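Scroll down for the structure; my scribbles are underneath it.
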Amino acid sequence: MAHYLWQEAAQPSSDQIQQVAEALSVPPFLARLLIQRGITNQAAYEAFCTPDLSRLHDPFALHDMQKAVDRIKLAITRQEKITIYGDYDVDGLTATSIMKDTLVNSLGAGNVETFIPDRFNDGYGPNQAVYDYLRKNGTELVVTVDNGVGGAAVIDQAMAAGMDVVVTDHHELPKVLPKAVAVVHPRHPDGHYPFNDLSGAGVAFKVASALLGEPATDCLDLAALGTVADIVSMTGENRLIVQMGLQLIHQQQRPGINALIKVADLDPAKVDESAIGFGIGPRLNALGRLGDANPGVTLLTTFDDDEAEKLAENVNTLNQKRQALVAKIVQEAMAIAESPENQTQKTLIIAHAGWHEGVLGIVASHIVEATGKPTLVLNIAKDGQTAKGSGRSVPAYNLFKALDAARDQMTHFGGHAMAAGLTLPVANIPALHAAMEQAAAVAPKGADKPPLAISGRLTAADISLDHYHLMRKLAPFGPGNEEPTFAYVPQQVGDIQQMGKTNAHLRFTADGQKVVAFNRGADAPALAAASQVKLALRMDENTWQNRTSLQLRLVDWELKQPNVIDMRLPQASAEQFRGAYNYVFFDAKRKQAMTSAFMFGGPVVMADAVTKPLANAVLVDLPPDEASLRKLLAHIALPVRVVFTAPAAELVAVPNRHEFGSVLHFLAAHPGFDKHQLGFAAKQVHLTIRQVILAVQVFFELGFVRIDGSQITVTAHPEKKALQESSAYQRQSAFLQLAHRLQTAARPALEDWLTAQK
């Protein structure tokens with residue numbers, strides 16, 4: 001099943017492709033992608049691919065910019081104490097660093113401090129207690145970066161108390177704006193700035209440029225980090241900032257960024273928007289998620305290589321801790337998400353005690369990615385009364401509106417259509433979930449899947465390193481300039497292997513081309529079993545031992561699945577149980593033994609407890625009989641995964657007539673034989689103890705022996721009966737026949753038989 005709703009872009013005609021290819025002197029492959037971006041002439045092509053400082057907009061076109069510049073320069077002249085009030089994410093840290101760099105290093109301000117709020121104690125944006133503290137400690141001017149536009153109550157009071165505030169921000173504008181000295185914002189209602197989607201770092205860069213009277217080129221690297229990390233539009237001025245910022249990063253002039261590149265094990269000459277988004281950004285974000293983010297500003301502004309390396313190592317260690325926390329909580333949260341009661345829900349609220357609140361937004365994103373359901377992930381406080389956390393959504397479901405309808409259930413709440421943060425009493429969780437479900441009931445069809453733009457369909461001839469390099473001419477990629485994703489239907493998929501320390505990822509070949517699939521390791525059996533595969537791919541290059549080759553990266557797939565997904569192995573393996581599925585057992589002792597031996601990636605249930613429809617089921621052990629299997633299958637949604645493992649001792653053949661006779665002969669020779677010594681008897685007759693026990697059960701049922709307490713005595717002159725008349729004999733024979741079918745039948749035959757049992 002695809003995670004995304006594939007939306008294939010309109011394809012230009014072959015004539016149009018040829019015209020643009022000739023006009024721009026580019027191959028048809030690139031011409032098609034350029035046409036889809038509206039780039040069809042030389043001027044547009046050069047403007048898109050070649051950055052130029054002259055195309056940056058006049059910073060004084062931003063609302064209140066002149067007022068901001070005048071007040072900041074006055075503070076420098078008067079040697080007033082200036083505090084730069086930032087934020088704890090990458091955008092906030094880079095914006096703070098840009099402002100600090102400009103005021104201290106470029107303009108020579110001698111009394112500048114920075115303040116990065118604590119996520120857990122101070123929260124986001126202007127905080128009354130912090131502003132009071134700053135005023136009492138001599139701050140005469142606060143310059144906010146990446147925050148402030150929503151802090152009217154705090155800022156107005158600070159202004160009234162004599163501490164001036166200059167606001168520079170890019171977040172959503174509230175109805176009431178602060179009465180600050182200046183409010184610099186690209187979407188200010190009284191402004192007319194030609195580009196309205198700057199990041200917080202982008203706004204800080206514009207303020208720095210206005211203060212300097214020329215583009216603040218030394219800060220472009222920081223502005224690029226903030227712009228990419230904040231996932232704003234990668235068009236217009238943002239694109240210019242990132243293009244030029246990446247060029248500066250490649251020159252390796254800033255010790256802090258160099259140190260981050262080193263700990264992230266990146267090639268400095270090849271750092272791109274992806275390296276920032278997945279390598280540098282998460283490391284800086286880990287600071288604010290787990291504790292104090294202030295060292296991030298020191299790291300980004302220091303000129304001391306040794307200090308930078310030490311701080312970067314600390315950041316990397318913290319990020320590893322963050323990754324471990326996320327992995328642990330995601331596993332626990334997925335088990336809850338995949339519970340039978342949650343599988344019937346269109347939305348999820350996953351609440352648990354002892355979870356770190358700083359990473360719950362990341363966890364929620366993982367759950368949404370895996371389930372396609374709008375999700376809140378909450379930590380329950382130690383007192384058990386309050387829950388706090390974050391939510392993430394899918395494009396067709398407005399999470400803010402859904403939660404806003406139940407605002408009275410929450411003590412704190414904020415966010416937007418795709419994300420939210422909230423606090424509420426634990427007792428109110430059911431009412432809040434009911435509101436989310438009500439919103440989901442009226443959501444448009446497809447609300448559970450985010451859209452995925454497909455640039456076109458690949459042929460085998462399109463897949464080449466040359467075409468990858470052509471495609472990179474369109475970078476940097478991001479919102480508004482998405483990285484091209486292509487649909488490809490391979491004739492053959494092979495060499496399917498799990499990879500990574502925990503086998504979380506997957507690699508395989510599609511018509512001989514290497515493909516990597518991150519976080520798809522558990523889906524290896526599904527891919528192997530698929531009768532038809534359609535891939536959504538992006539092109540990458542991979543360098544190994546100084547050799548560079550093309551590598552395809554899976555974004556999504558559509559697998560035509562059989563009703564039965566074969567996970568059978570000769571012996572039980574940990575790899576069979578890592579996936580986030582519902583694992584079903586028939587035998588309680590077998591369940592206890594296997595859950596002690598293996599780590600299961602999802603809930604473990606007994607077959608007789610399954611009374612409602614159950615999806616994503618894995619049948620782990622063998623059923624005792626066909627009736628038990630049919631009863632379970634009536635509640636199992638297809639496709640079903642099968643393991644059907646059992647200890648070898650349970651599968652030993654029923655003794656033949658001669659072997660039954662040898663057991664009876666032994667018992668006749670040992671009148672009053674103690675049934676607790678059947679292990680000794682088994683050795684004497686060269687059978688397993690289970691075979692001997694079965695023989696005694698058959699003999700007792702047919703009247704061939706009698707059992708008094710623990711003593712077994714052969715009956716003299718019993719009535720002649722066939723062994724096959726015994727129900728114990730029949731049960732074991734039927735079980736072995738069923739086990740043989742379930743464990744050895746080819747998958748198509750097994751599918752036909754199991755489907756017929758439903």
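Quantities reported herein were computed from a predicted structural model and do not represent experimental measurements.
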Could I get the full list of side-chain contact (heavy atoms from CB on, under 4.5 Å) partners for Gln42, not counting sequence neighbours? Leu24, Tyr45, Glu46

By the salt bridge (charged side-chain N to carboxylate O under 4.0 Å, His left out) test, which pairs, at least two apart or in different chains, include something from residues 358-369? none

With sequence neighbours left out, the residues meeting side-chain contact (heavy atoms from CB on, under 4.5 Å) with Thr139 are Lys81, Thr83, Leu134, Val142, Met163

Keeping the roles fixed (side chain from Asp305, backbone from Pro255), state whether a donor-acceptor pair exists under 3.5 Å. no

Enumerate the side chain to side chain donor-acceptor pair (under 3.5 Å) contacts for residues 200-214, please, sequence neighbours excluded, ordered by first and then second residue. Tyr193-Lys206, Lys206-Glu237

Who pairs with Thr168 by side-chain hydrogen bond (donor to acceptor under 3.5 Å, both in side chains), at least two apart in sequence or on another chain? none

Taking salt bridge (charged side-chain N to carboxylate O under 4.0 Å, His left out) as the test, write out the residues that go with Lys67, two or more places apart. Asp64

Exactly one of Asn105, Ile241, Asp101 should register a side-chain contact (heavy atoms from CB on, under 4.5 Å) with Cys219. Which one does? Asp101

Just to verify, what does Glu172 make a side-chain hydrogen bond (donor to acceptor under 3.5 Å, both in side chains) with, not counting sequence neighbours? none

The criterion is salt bridge (charged side-chain N to carboxylate O under 4.0 Å, His left out); which residues satisfy it with Asp221, sequence neighbours excluded? Arg254

Checking the side chain of Arg239 only, and the main-chain atoms of Pro476 only, is there a donor and an acceptor separated by less than 3.5 Å? yes

According to salt bridge (charged side-chain N to carboxylate O under 4.0 Å, His left out), who are the partners of Asp540, at least two apart in sequence or on a separate chain? Arg553

Please name all residues satisfying side-chain contact (heavy atoms from CB on, under 4.5 Å) with Arg55, sequence neighbours left out, ordered by chain then number. Ala47, Asp52, Leu240

Pair up each side-chain donor or acceptor in residues 146-162 with any protein partner under 3.5 Å, not counting sequence neighbours, and list the distances.
| residue | atom | partner | partner atom | Å |
| --- | --- | --- | --- | --- |
| Asp146 | OD1 | His170 | NE2 | 3.0 |
| Asp146 | OD2 | Gly92 | N | 3.2 |
| Asn147 | ND2 | Tyr85 | O | 2.9 |
| Asn147 | ND2 | Gly86 | O | 3.3 |
| Asn147 | ND2 | Val145 | O | 2.8 |
| Asp156 | OD1 | Lys179 | N | 2.6 |

Partners passing salt bridge (charged side-chain N to carboxylate O under 4.0 Å, His left out) against Arg71 (at least two apart in sequence or in another chain): Glu80, Asp164

